[in-house]
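Letters A, B, ... mirror the listed sequences (proteins, then strands); counts begin at 1.
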2 protein chains.
Amino acid sequence: MHTVEDDRLDAVFAALADPTRRAILARLAEGEASVAELARPFAMSQPAVSKHLKVLEGAGLVSRTQVATTRLSHLEAQPLAEADAWMRRYKRFWNEGFDKLDAALAAYRDQEDET
Amino acid sequence: MHTVEDDRLDAVFAALADPTRRAILARLAEGEASVAELARPFAMSQPAVSKHLKVLEGAGLVSRTQVATTRLSHLEAQPLAEADAWMRRYKRFWNEGFDKLDAALAAYRDQEDET
DNA sequence: CGGTTATGTAACTGAGCAGTTATAGAGTGC
DNA sequence: GCACTCTATAACTGCTCAGTTACATAACCG
């Protein structure tokens, strides 16, 4: 099985796998920004940032508007909702995980008590 | 900034970026499985699946136990909780996103009215 | 128009990844 | 100990990706 939603998730998760791109999203959460503004905090050339923006745009995580000579990038969080929807199926496991951790800690404590 | 949590998220999101690995996680959600069992549904060699498991294990998404000659893989969802925690910071945007769409449509309509 | 600023594109490099086949290792059962 | 099963590792290939520098566009400003 190889669905369209799969392709979407591929792109979203792959986009999120890079720390520079996550930092760009964090910056955009504070408001729109030009390429130059986004490039400044990173020890990285402008073309590199342009490429990251292209990846983010491809994943639907960023939209852009032309204003005079500058292109402003905007955060588009909707694909994150899709990723969240995928992960939601596993939420019961990570709650269960804490239960297991609790159980393990309890077992450990009991063992401690015995010794 | 390049934190340890970043490295963790790198590994988790990168692991999730591959549809085969997401399918493996889906299978493991139904219960532990051997490498051979995991390989069967995919048109893929056993070493390929072993590599995917190694990636998943590296991201902390899978743990393994040796039982006789077979190694059973178990889903470990805790890293998904970390990824979820990261995404949580953006949840307000994906609700807001629908509002913004409404606003954009309204602006477009106004512009149409003017011309 | 000419210069300047902001950004995208092209061509290249090095690294890493997903897959393959072939082989090695480790445990079980007899 | 031997054959068998399950899994990991090695070596290789083709592709993608993150980054670079150099150059091309495009829109403003005087």
Worksheet item: Looking at side-chain heavy atoms only, is the closest gap between B:Leu28 and B:Leu38 below 4.5 Å?
Response: yes
Item to complete: Sequence neighbours left out, what passes salt bridge (charged side-chain N to carboxylate O under 4.0 Å, His left out) with B:Asp84? Give chain and number order.
Response: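 With neighbours one apart ignored, the set is A:Lys91, B:Arg88.
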Interatomic distance, [X] [atom1] vs [N] [atom2] [rounded to whole Å]:
X: B:Asp10; N: C:dG16; atom1: CG; atom2: P; answer: 13 Å
X: A:Arg40; N: C:dA6; atom1: CZ; atom2: P; answer: 9 Å
X: A:Phe13; N: C:dA18; atom1: CZ; atom2: P; answer: 15 Å
X: A:Leu38; N: C:dT7; atom1: CG; atom2: C1'; answer: 12 Å
X: A:Glu37; N: C:dT7; atom1: CD; atom2: P; answer: 8 Å
X: A:Ile24; N: C:dT7; atom1: CD1; atom2: P; answer: 13 Å
X: B:Arg71; N: C:dA26; atom1: CZ; atom2: P; answer: 12 Å

Discussion item. For residues 36-85 of chain B, which residue pairs pass the ring pair (Phe, Tyr, Trp, His ring centres under 6.0 Å) check, not counting sequence neighbours?
Written reply: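 Pairs touching residues 36-85 of chain B that pass the test: none.
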Fill in: Residue pairs involving residues 56-70 of chain B (criterion salt bridge (charged side-chain N to carboxylate O under 4.0 Å, His left out); sequence neighbours excluded)
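Those involving residues 56-70 of chain B are B:Glu57-B:Arg64.
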Worksheet entry | Side-chain cluster (under 4.5 Å, hydrophobic types only) that A:Val55 belongs to, other residues | none
Item to complete: Determine, for nucleotides 15-27 of chain D in 5'-to-3' order, which nucleotides have protein heavy atoms under 4.0 Å from the base (write B), from only the sugar-phosphate (write S), or from neither (write -).
Response: ---SBBBB----B
Fill in: Partner set under side-chain hydrogen bond (donor to acceptor under 3.5 Å, both in side chains) for A:Glu37, not counting sequence neighbours
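For A:Glu37, no residue satisfies side-chain hydrogen bond (donor to acceptor under 3.5 Å, both in side chains) once neighbours in sequence are set aside.
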